[in-house]
Each structure stands twice: as structure tokens, then as C-alpha cells.
Amino acid sequence: MEPTDVNNPEYYHKVVDCQYACPAHTPVPEYIRLIAEQKYTEAYMINWESNVFPGILGRTCDRPCEPACRRGRVEEEPVAICRLKRVAADNKGDVKKHMPVAPFKPNGKKIALVGAGPASLTVARDLAALGYELHLYDEQKAGGGFMRSQIPSFRLPESVLDEEVNYILDLGIHTHFNTYVKSLKSLLDSDYDAVFVGSGAPKGRDLDIPGRQEAAANIHIGINWLSNVAFEHIHKIGKKVIVLGGGNTAMDCCRTSRRLGGEEVKVVVRSPFAEMKASPWEKEDAMHEDIPIMDNHVPKTFVVENGKLKGMTFEKVHAVYNDKGKRSLVPTGEPEVFVEADDVLVAIGQENSFPWIERDLGIEFDKWDMPVVNETTFCSTNPKVFFGGDAAFGPKNVITAVAHGHQAAVSIDLHCKGEDLNKRLSPFVNLVSQKMGIHEWSYDSAVVEDVRYVVPQADKKVTLKDRKKEVELGFDGLTGFKEAQRCLNCDMQTVFSESKCIECDACVDICPTACITFTENADDESDLRNMLKVPATNKTQDLLVSGVLPTKRVMVKDENVCLHCGLCAERCPTSAWDMQKFFYSVTKASKVCH
Amino acid sequence: MTYIRPKFRHPELPKNKLGYSVDFYEGALSTLCAGCGHDSISAAVVEACFDLNIEPHRLAKLSGIGCSSKTPAYFLSNSHGFNSVHGRMPSVATGANLANRDLIYFGVSGDGDTASIGMGQFVHAIRRNLNMVYIVMNNGCYGLTKGQDSATADEGSKSKAGSVNPFQAIDLASLSLELGAGFVAQSFSGDKKQLIPLIKAAINHRGFAFINVISPCVTFNNNPGSTKSYDFVRQHVEATATLDFVPEMEEITTNYNEGSTQQVKMHDGSSIRLHKIAQDWDPQNRISAINAIQKARSEGEILTGLIYIDEELGELHEVLQTTDTPLNQLTEEVLCPGSEALSEINAGLR
Ligand SMILES: Cc1cc2nc3c(=O)[nH]c(=O)nc-3n(C[C@H](O)[C@H](O)[C@H](O)COP(=O)(O)OP(=O)(O)OC[C@H]3O[C@@H](n4cnc5c(N)ncnc54)[C@H](O)[C@@H]3O)c2cc1C
Ligand SMILES: Cc1ncc(C[n+]2csc(CCOP(=O)(O)OP(=O)(O)O)c2C)c(N)n1
Ligand code: SF4
Ligand code: SF4
Ligand code: SF4
Ligand SMILES: [Mg+2]
């Protein structure tokens with residue numbers, strides 16, 4: 001194989017598994033170390049720069065970083081990255097003094113942002129300091145989008161949401177709440193230089209089976225119901241509740257029902273339990289609140305008696321997989337199951353809908369009636385109109401909306417300056433040696449063996465009585481420190497300089513996880529993978545391959561289970577190995593921290 | 001500051017026949033200098049014992065004094081160990097072996113420990129054909145006492161301080177051949193591919209198995225002008241053959257062409273398969289082995305690999321015709337059969 005090109009910043013970026021997996025590429029290990037040092041404000045600001053909503057995300061993020069975390073490959077459980085973020089948010093000091101302060105010198109450009117969800121708010125934050133006049137429209141009475149209308153307060157207290165939304169609104173954003181945008185054309189016809197569409201995926205899917213019409217009074221679309229609860233239009237629900245669906249919305253619906261008077265709340269889902277869309281921790285939390293999950297049940301009818309909903313019937317199925325692994329749900333032939341219910345919540349998915357966008361504005365829509373959006377620039381086929389968040393590519397999550405927002409902001413800024421949207425700045429990167437002396441590194445290189453700490457929860461007796469009472473209590477400072485110490489510091493890169501290597505094998509012998517091999521080279525990557533001390537079977541992880549050494553061999557390091565313990569570098573007599581801190585930050589439209 | 005070896009290991013580490021993975025054969029974290037050749041030899045010992053499915057309690061590590069003699073602390077933590085005095089490892093090994101013939105005796109020494117203070121002991125262990133492995137981690141200097149020239153330093157080799165060694169070197173491999181050792185090998189710490197099978201074969205050899213391993217001292221003897229530096233050794237090694245150690249049960253499936261491949265059967269049914277590089281050398285012929293090693297020396301090369309093997313030589317217990325039951329397991333009744341038995345013996349002598 002050719003020597004690895006470590007000058008491509010993406011090589012080392014990929015080694016930092018969590019950061020690489022994070023859609024916004026938050027510098028995770030950097031903030032985790034700051035938490036361990038009790039520098040909560042700094043840890044918060046690193047997050048704020050990158051993901052805009054540390055307190056919100058520290059409670060609600062979908063955490064794509066955690067399944068990616070190296071720790072999960074070395075032992076059982078990943079670092080509790082998400083809940084550590086909350087530790088920073090809960091314990092921070094004055095963060096406002098590190099944020100930009102309005103008013104900013106106007107640059108004469110005016111932008112409209114449709115929807116006040118995380119995507120639009122991110123665009124607003126990134127552009128505000130550049131002097132843009134930003135107009136934020138939302139039909140709701142306050143900013144936050146789905147974070148306000150959908151995510152229940154027992155997971156995300158209103159105070160946390162308000163605080164972080166306000167950091168942005170305080171940058172001098174012109175808000176137009178309680179204002180539904182009826183026509184994109186009218187926006188384009190006014191004097192906006194660009195429009196950002198962050199209107200989300202606001203339409204809940206319905207279930208058209210017998211009895212739907214007759215029982216309509218007691219059947220509710222999950223997301224509409226949740227938002228009615230959030231905005232205090234609905235205060236109670238029947239004693240017996242069926243929640244249909246296996247995603248996170250279903251989990252929020254069932255847990256909210258338990259707080260509004262639902263005593264026998266059941267989640268009924270078509271797929272097998274293990275394949276439900278909801279995150280494992282959300283399923284756990286639901287079951288902890290005495291909500292059974294009935295899997296492999298396909299809804300058949302709403303049963304109505306005397307014009308009133310009595311319950312539902314379900315057909316039992318089991319999953320069958322074809323050669324290609326494609327699943328089909330086949331009836332087991334058992335008799336139909338009847339489940340009693342006073343109310344049913346339908347949480348079987350959401351869709352986009354753009355009734356307010358005229359179809360003659362030069363914005364192309366595809367066969368699924370989704371706008372055609374460039375995945376890098378987030379520009380539609382109309383150069384003045386940009387999309388992001390759930391509106392761009394369908395429902396995802398908050399952190400994805402944020403990541404879109406950053407890129408859309410860069411594009412809008414380029415557009416307003418009349419520059420090419422594809423001339424985007426590369427990420428900011430930095431690589432610095434961490435050697436302080438013999439056996440001395442600027443980071444805690446010792447690998448602790450602690451297993452993942454559990455986030456404590458408030459007593460169920462209390463939380464089920466009050467829908468606004470936050471369930472999770474968060475780590476205290478000491479537990480936060482211990483959990484932070486589990487992080488392997490994957491950004492502390494093992495940097496190899498072949499010109500210094502004397503091939504003494506010291507690194508090979510000391511490496512606890514057999515990452516390093518000196519071997520003859522092979523043309524083919526998969527051959528080389530098999531020639532290593534322990535074959536490198538995890539193909540998602542790269543090999544670091546050196547140039548040819550004096551013995552004609554090459555050094556190959558399998559990045560897969562490297563502990564970043566630094567022992568290779570400590571053992572190397574010539575410093576051919578060095579531990580160097582890699583910092584990677586996605587370039588934003590403006591510099592937002594100081 | 002940390003200097004702790006994490007407990008985590010590669011999750012896909014293979015297990016041997018005993019169900020252990022290689023980390024079970026590791027020792028404490030080495031305190032030797034970073035890059036010391038001795039650490040590589042320790043790692044080779046770990047690999048070899050793992051591969052041979054050795055039950056750690058069946059092996060005793062013995063050593064003298066020196067950086068090299070410290071290494072038994074860094075491998076096989078679960079085995080027996082005796083760190084003796086300078087140059088006295090062979091006597092301790094002799095005593096232990098006579099008392100309990102059932103263990104594998106694994107001796108580790110340095111060039112100072114062997115070729116200077118311990119020379120008298122070393123030669124007698126060979127003369128007696130003590131059943132043990134004897135590894136010299138040879139760096140041409142007294143590493144532990146800051147790098148003075150040892151008796152194996154080559155004439156003309158330059159020290160780190162710039163002084164040139166005026167004395168001839170003792171060549172330990174030639175010496176052991178001369179003394180009649182039944183297993184003589186030479187290797188380089190930086191060549192595990194060769195060293196690991198040699199260690200395996202040495203452990204399986206019955207009788208004294210000697211391996212002289214050139215093992216650079218990065219701190220005191222890795223300078224230009226030294227003949228024991230990584231660079232010099234790499235440029236001057238010449239292998240007799242590449243070799244595999246073939247355990248008893250493994251069937252030989254590959255066909256090698258005659259002449260270039262030689263199969264040496266060991267007493268327990270295992271064998272060493274040699275793919276010869278040096279053509280005019282026969283590892284089972286002592287004169288040929290002596291010639292090969294002398295020829296390489298005269299050309300300024302270091303001959304590595306298996307140099308000589310004799311599987312027929314009787315080891316000390318056979319020569320002394322001791323009991324099959326290890327002496328330490330004999331009960332007082334057996335050892336002191338009583339006055340009646342004594343009278344019988346006395347009567348037999350009349
Ligand atoms: C029940 C539920 C729970 C969720 N939980 C989580 C979670 O725990 N973690 C997570 O990461 N994600 C979660 N999500 C997903 C997450 O909320 C969204 O992916 C995210 O909010 C999308 O952000 P956005 O900026 O694209 O739009 P949204 O947050 O959807 O905001 C869009 C806003 O635009 C407004 N709007 C739409 N059209 C117009 C118009 N024409 N005029 C004016 N205003 C308009 C809407 O009222 C809305 O306020 C959840 C979703 C649901 C439904
Ligand atoms: C009886 C005695 N004499 C001298 C010493 C001092 N001493 C300690 S180690 C050593 C030489 C070690 O050299 P070597 O065996 O080559 O080991 P290395 O450190 O090079 O591996 C000497 C002379 C001693 N410990 N005991
Ligand atoms: S161990 Fe730390 S740096 Fe590595 S992936 Fe996990 S959280 Fe990120
Ligand atoms: S830092 Fe070096 S020694 Fe530690 S696990 Fe990674 S490669 Fe191995
Ligand atoms: S002094 Fe030399 S022999 Fe001793 S540990 Fe250091 S490098 Fe090895
Ligand atoms: Mg020595």
C-alpha cells in the first residue's frame with residue numbers, strides 16, 4: 001500500500017471516532033478533558049461554537065457519537081459523551097462574556113428564516129455577527145421549533161431551552177412569532193437577499209384503518225398531540241392508552257400520557273423489539289415508567305361501540321428475512337389480539353409538507369415532493385433559497401439540523417458576497433506535540449478501567465405526577481469527572497516519522513492492544529490487513545502505513561483499538577512516535593467565540 | 001505523568017490450546033531503557049511460550065545480574081523465578097534442576113554476566129549438559145553499570161565515549177560449540193521471526209540449549225563505530241537458514257525441494273524445518289557448524305539462526321541415572337529406607 005497521506009486532515013479526523021461521527025464534528029475529547037479539569041465554561045463554549053445548544057443536546061441528542069466511540073470497541077460501553085455535555089452546561093459560569101454582543105455593524109443584507117427550529121437558529125447565530133439583518137418567522141409563539149413543541153419538558157426543561165434560544169435571539173434577531181408564512185413568493189418578492197427554509201417536517205402520518213373516522217374524537221396524531229400538550233391546550237388523556245409506533249415520538253407520547261392521567265399505557269409496534277427505531281435508552285426509560293412494549297403486532301381495526309372508542313385489534317406477526325436480509329412481517333396465524341383503549345396516539349412517522357411554497361419559483365421538487373437540495377451548499381435550484389434541518393432531507397434530529405445550519409450560513413454569506421458557493425474554506429486543523437518530558441504528556445494518558453456510570457434519575461413517584469419535572473438529574477461533578485476519565489483521548493494522535501525509526505520493535509512490544517506491526521508491504525489492503533499481528537478485521541477503521549524503512553519493511557498501525565495511551569511514544573528511543581494533539585473545527589460563517 | 005500499562009487488550013486476541021491469550025504470558029512493565037533490545041527478546045519469549053502452550057507453573061526463570069538478568073520480571077509473571085547473584089545463575093539452575101527435573105529451566109544472562117564473572121559457571125553447565133535454555137542477551141557492554149566494554153565487545157568497536165576496544169572478543173557461540181553443547185543458536189533481538197522459533201526449539205531440546213542473541217544497548221552502545229548497534233548488526237547478519245518449529249502433532253504438508261530444506265527431528269516428536277541459505281553447512285555436523293561460524297567471523301559477518309544441534313546427547317539426569325521421580329518429590333521413607341536396608345547395602349559391600 002501507498003504510505004498514508006496524513007496531511008489530509010480527514011485521516012486524523014477519522015481517528016477521533018466520536019467527533020467524526022458527530023454531524024457538527026464537535027471536538028468531543030477536547031471538551032471532555034476540560035470537564036475533567038472542571039473548566040466547565042470553556043467546555044461549554046467549545047460546544048456552543050460547534051453545536052449551538054449544549055444544554056439542550058446534553059439532554060436530548062440522538063448521540064451518533066456514542067455508538068462510534070472507541071471505548072465501545074475496547075470494552076462494553078462507550079463514554080457517556082452526551083451526558084458529559086450536560087455537566088458542562090449545568091456547571092458553567094458566565095458564558096455570555098465569551099459570546100458576540102449585539103448590535104453589530106450592519107452589512108446591508110437582509111435574510112428571512114422560515115421556522116425557528118435549530119436549523120434556522122444556527123444560521124441566525126452564525127450570520128448575526130457579520131451584520132446581517134435576520135428575520136425569523138415561526139407560527140409558534142416562541143423560538144425553538146420542535147425542541148419546544150415536541151420534546152417534552154421532563155426531558156428538556158423549558159428554562160434550558162429558553163436560555164439557549166435566547167443566547168441567539170439576543171444577537172439582535174428580528175423575530176416574527178405567531179406568524180405562519182403562507183407564501184414563499186411573497187417573501188422573495190420583498191427585499192430579502194436570501195431565504196432559509198428551516199420549516200421542519202411538521203406532518204404526522206395517519207393510520208387509515210377501519211374505525212378511524214368513527215373514533216376520531218379519541219385518536220390523536222402523536223406530534224400534534226405533543227405540541228398541544230406543550231402549548232397547554234391539552235391537559236389530560238384517558239386511563240387506558242395505546243401508543244402506536246416504535247420511534248422516539250412514540251416514546252415521548254407514552255411517557256407524556258403517563259403524566260396526563262394514563263394509567264395503563266401500552267406501546268404497540270409492528271416490528272420486533274430489537275428493531276424498533278427508538279433509541280435503546282428511550283425504550284428503557286419508557287419501560288421503567290411501567291409502559292409495556294408489545295412488539296410484532298400489526299394494527300387492524302379501531303373498535304368502536306356506541307360511537308365510542310373501545311380499543312383496537314391487532315394481528316400477530318413475526319419477522320422473516322430473505323437472502324438479502326430484507327425483512328417482511330408474516331402473520332403467525334394466531335387469533336387477533338384485542339387491546340382496550342380510551343385514547344390512541346398515532347406516532348408512526350412524520351413527513352415534510354410545503355403547502356406554502358409555490359411550485360413556480362424555480363425550486364425543483366423531486367418525485368417524493370421533496371425540494372432538490374445540494375448536500376454541500378444546502379442551496380435549492382433557486383440560488384436565493386436555501387434549505388436545512390428536517391426540511392432539507394426529511395426528519396433527522398437536532399444535531400443534524402445544526403450541522404446543516406452551519407453550512408447553509410456559509411453558503412448564504414458567500415451568496416450575499418457574490419462568491420462561488422463551492423469555494424468553501426477547509427476546516428481549521430492543528431497538530432501539536434504533547435510531550436512534556438520523559439513519561440510525561442500534557443494529557444492523562446493512563447487508561448482507566450471504570451465501566452460507564454449511570455445517570456441518576458429523580459423518583460418516579462414525583463416525575464409521573466408533574467409533566468415538567470425533569471427525570472434525569474445529570475451527573476454530579478465527581479461522577480462527571482470519573483466518566484470523563486473514561487475517555488481515551490482519541491484526538492491525541494500517534495504520529496509516526498519513519499526517518500527517525502531504528503526498527504527496534506519497542507513500540508510493537510509495549511503496545512497493549514497489538515496495534516503496531518512491522519511487515520513486508522502488500523499491494524492489496526486486505527492482504528496487508530491479514531498480515532498484521534492481530535488481523536485488522538474492522539474495515540471501517542483505517543491503517544496508518546509508513547514509507548519503506550531501511551529493512552524494506554513498512555510500519556503498519558491498525559487504528560481500530562488504539563488506546564492512545566502513548567506507550568509507543570514513551571517506549572520509542574528516537575521519538576519516531578509522538579503523541580500530538582489534533583484539533584479540528586468546521587469553519588463557520590463567522591468566528592463566534594472569544 | 002503516567003507509566004501504567006493499560007489492562008485492555010485487543011478484543012480479538014487468539015487463544016492457545018490451554019485457553020490463554022498471549023497476555024497471560026506477559027510480565028510486569030519493563031523498566032529498561034526505551035528501545036533496549038532486551039525488551040524485544042522478552043516479547044519473543046512471551047510469544048514462544050504462548051505458542052508452545054506452556055503452563056506457566058511448569059517453567060522456572062533464572063537469571064544473574066544485569067539489565068538482561070532483570071528481564072525475567074518482564075515476562076511470564078505466572079512462572080517461577082529466581083534472580084540470583086552476578087554470574088551465578090548456572091549453579092542455581094543446576095541445583096534447581098537436580099532437585100526437580102520436571103520443570104522447564106529458562107536461564108537469562110548477559111554478556112557480562114556470562115563471559116566475565118560467570119564464565120566459570122557457564123562452561124561447567126555446558127560440560128554437564130544441564131537440561132536448560134540459556135539465553136545471553138549480548139550487547140557487548142555492561143549496560144546496568146553504564147556501558148563499560150564487556151568481554152564480548154569486538155576488537156576495534158567504539159564506545160559511546162569514543163574509546164576503542166583493544167581486546168579480542170570472546171565468541172560465546174564458538175565457545176559453546178567447542179565445549180560440546182548440543183544446541184547452539186545465534187540471533188538478533190530485532191528479528192523475532194527467527195528468534196521465536198529458535199526459542200521454541202531450545203525449550204524443546206533435551207539438554208543444554210544455548211542462544212546468543214545480539215541485543216543492542218540503545219543507551220550505551222548504539223553509536224556509530226559500535227559493532228553491536230542496531231545499524232551495524234542489521235548490515236552484518238547473515239542467516240544460516242530460515243526456520244520453522246513444527247510441533248509434534250502438526251503434519252508436514254508442504255514439499256520443499258531436497259537439498260535446500262532440512263528437517264531435524266527432536267526427541268519428543270516435534271521438529272525443526274530449515275530452509276537453508278548457507279549451502280555448505282550441516283547443522284547436525286559439529287565440524288561443519290564450527291567452520292560456518294568461523295568463516296562468517298573471518299568475513300566480519302554475524303552468523304544467525306540454528307548453528308548446531310545434536311538430539312542424541314544425554315542430559316545430566318541421564319548421565320547421572322537419577323530417578324525418574326524428581327528428587328523433591330521423594331518422601332523421607334524412600335530417601336531413608338531405614339537401618340535394615342543400610343545393613344543390606346553394607347553386607348553387599350563386604
Ligand atoms: C416527538 C419528537 C421528539 C424528538 N426528540 C428529539 C430528541 O430528543 N433529540 C433530537 O435530536 N431530535 C429529536 N426530535 C427531532 C428534532 O426535533 C428535529 O429533527 C429538529 O427539531 C429539526 O429541526 P429544524 O430546525 O429542521 O425544524 P423544527 O425544529 O421542526 O422547526 C421547524 C419550525 O418551523 C415552523 N414552521 C413550519 N412551517 C412554517 C411556516 N410556513 N411558517 C412559519 N413557521 C413554520 C414550525 O412551527 C416549527 O416551529 C424529535 C422529534 C419529535 C417529533
Ligand atoms: C559480584 C558483582 N560484581 C559486580 C557487579 C556490578 N555489575 C552489575 S551488572 C554488571 C554487568 C552486567 O553486564 P551484562 O551481564 O552484560 O548485563 P547488561 O546490563 O549489559 O544486560 C556488573 C559488573 C555486581 N552486581 N555483582
Ligand atoms: S474514547 Fe473519547 S475521544 Fe475516543 S471516541 Fe470515545 S469519547 Fe471520543
Ligand atoms: S497509543 Fe501506541 S501503544 Fe498505546 S494503544 Fe495506541 S499504538 Fe498502542
Ligand atoms: S542500559 Fe542498555 S542494556 Fe540496560 S536497559 Fe538501557 S539500553 Fe538496555
Ligand atoms: Mg551486556
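Side chains included, hydrogens not; waters and symmetry mates left out as well; all remaining heavy atoms used. Numbers restart at 1 for each chain; the letters A, B, ... are given by sequence-line order, proteins then strands.
- Taking each heavy atom of Gly35(B) and Cys504(A) in turn, the nearest pair found is CA-SG, 3.6 Å.
- If you measure heavy-atom distances from Thr551(A) to chain B, the contacts under 4.5 Å come from the side chain alone.
- With a 4.5 angstrom heavy-atom cutoff, Glu47(B) touches chain A only via side-chain atoms.
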Criterion side chain to side chain contact (heavy atoms under 4.5 Å, CB included) on Leu29(B) and Ile510(A), from CA distance to verdict: CA-CA 8 Å; Leu29(B) 189 70; Ile510(A) 197 73; 3.3 Å; yes

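- Contacts between Phe8(B) and chain A at a heavy-atom distance below 4.5 Å involve backbone atoms as well as side-chain atoms.
- Using a 4.5 Å heavy-atom cutoff, the side chains of Arg5(B) and Val447(A) are not in contact.
- The two residues Thr513(A) and His10(B) have their closest heavy-atom pair at O-CD2, 3.3 Å.
- Neither the backbone nor the side chain of Cys515(A) comes within contact range of chain B; no heavy atoms are under 4.5 Å apart.
- Highest contact tally toward chain A, considering only Lys193(B), Glu12(B), Arg234(B), is held by Arg234(B) [criterion: heavy-atom pairs under 4.5 Å].
- Annotation: Asp450(A), atom CG; neighbour count of heavy atoms from other residues, nucleotides and ligands within 6.0 Å is above 12.
- Nearest heavy atoms, Asp505(A) versus Lys192(B): OD2-NZ, 2.6 Å.
- Residue Val561(A) touches chain B through its side chain alone, counting heavy-atom pairs closer than 4.5 Å.
- Enclosure of atom CD in Glu449(A) by more than 12 non-hydrogen atoms of other residues, nucleotides or ligands within 6.0 angstrom is indicated.
- Exactly one of Cys33(B), Ser30(B), Cys36(B) qualifies for a side chain to side chain contact (heavy atoms under 4.5 Å, CB included) with Arg571(A). That residue is Ser30(B).
- Heavy atoms from other residues, nucleotides or ligands lying under 6.0 Å from NZ of Lys158(B) number 12 at most.
- With a threshold of 4.5 angstrom between heavy atoms, Pro550(A) does not approach chain B through any atom at all.
- Contact annotation for Asp23(B): neither backbone nor side-chain heavy atoms come within less than 4.5 Å of a heavy atom of chain A.
- Ile502(A) touches chain B through backbone and side chain together, each having a heavy atom under 4.5 Å away.
- Surrounding NZ of Lys39(A) are at most 12 heavy atoms belonging to other residues, nucleotides or ligands under 6.0 Å away.
- Closest non-hydrogen pair, Arg73(A) versus Pro11(B), comes out as O-CG, 3.5 Å.
- Between Arg9(B) and Glu75(A), none of the side-chain N atoms (NZ, or NE/NH1/NH2) sits under 4.0 Å from a carboxylate O, so this pair counts as no salt bridge.
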